[in-house]
Every structure is written in C-alpha cells, then in structure tokens.
Amino acid sequence: MKDIARMALTPGMEIGADVFNYKNELVVPAGTKVDGNVISKLSRHSIICVTVKEDMQ
C-alpha cells in the first residue's frame, strides 16, 4: 500500500485503509473502488491524502 494525494487518484484505484474526516467520521471505507463520486466526497471533507492498494503484478 502507498499514500497518494487526492489530486493524483484515478478511477479504478482501490482505497487501502479507512478514510476518516477531522471529526473521526468514516468518509470512505477500505476496499472502495475510486470513482468520481469518491473523489468529490474526499474533496468535500478536505481529505488531502489517502492510502491506496498497489497493483500486485
């Protein structure tokens, strides 16, 4: 797994760890596939960086 900036996320990536906001509320659970809605949600909650799963090839 690696940390990546929200701006560098691309659709199809998989979130590697639960993402919480500053109130410690779950925003995006681990295992979620990234799409436009996920990126928008992270932006609304001012999330700068998330952990994603790396491709195992």
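Applying the salt bridge (Lys or Arg N to Asp or Glu O under 4.0 Å) test to pairs two or more places apart or on separate chains, none has a residue in residues 34-49. Each salt bridge (Lys or Arg N to Asp or Glu O under 4.0 Å) pair with one or both residues in residues 18-27, not counting sequence neighbours, would appear here, but there are none.
By the side chain to side chain donor-acceptor pair (under 3.5 Å) test, Asp3 is found to be paired with Thr51, residues two or more places apart in sequence or in another chain being considered. In this structure, the side chain to side chain donor-acceptor pair (under 3.5 Å) partners of Lys53, at least two apart in sequence or on a different chain, are Glu14. Under the side chain to side chain donor-acceptor pair (under 3.5 Å) criterion, Ser43 pairs with no residue, sequence neighbours left out.
Hydrophobic cluster of Phe20: the remaining members, joined at side-chain heavy-atom separations below 4.5 Å, are Leu26, listed by chain and number. Under a 4.5 Å side-chain heavy-atom criterion applied to ILVMFWY residues, the cluster that includes Val50 comprises Ile4, Leu9, Met13, Ile15, Val19, Val27, Val28, Val34, Val38, Ile39, Leu42, Ile47, Val52 as well.
Here the OG atom belonging to Ser46 is positioned 7.5 Å from the CZ atom belonging to Arg6, to the nearest 0.5 angstrom.
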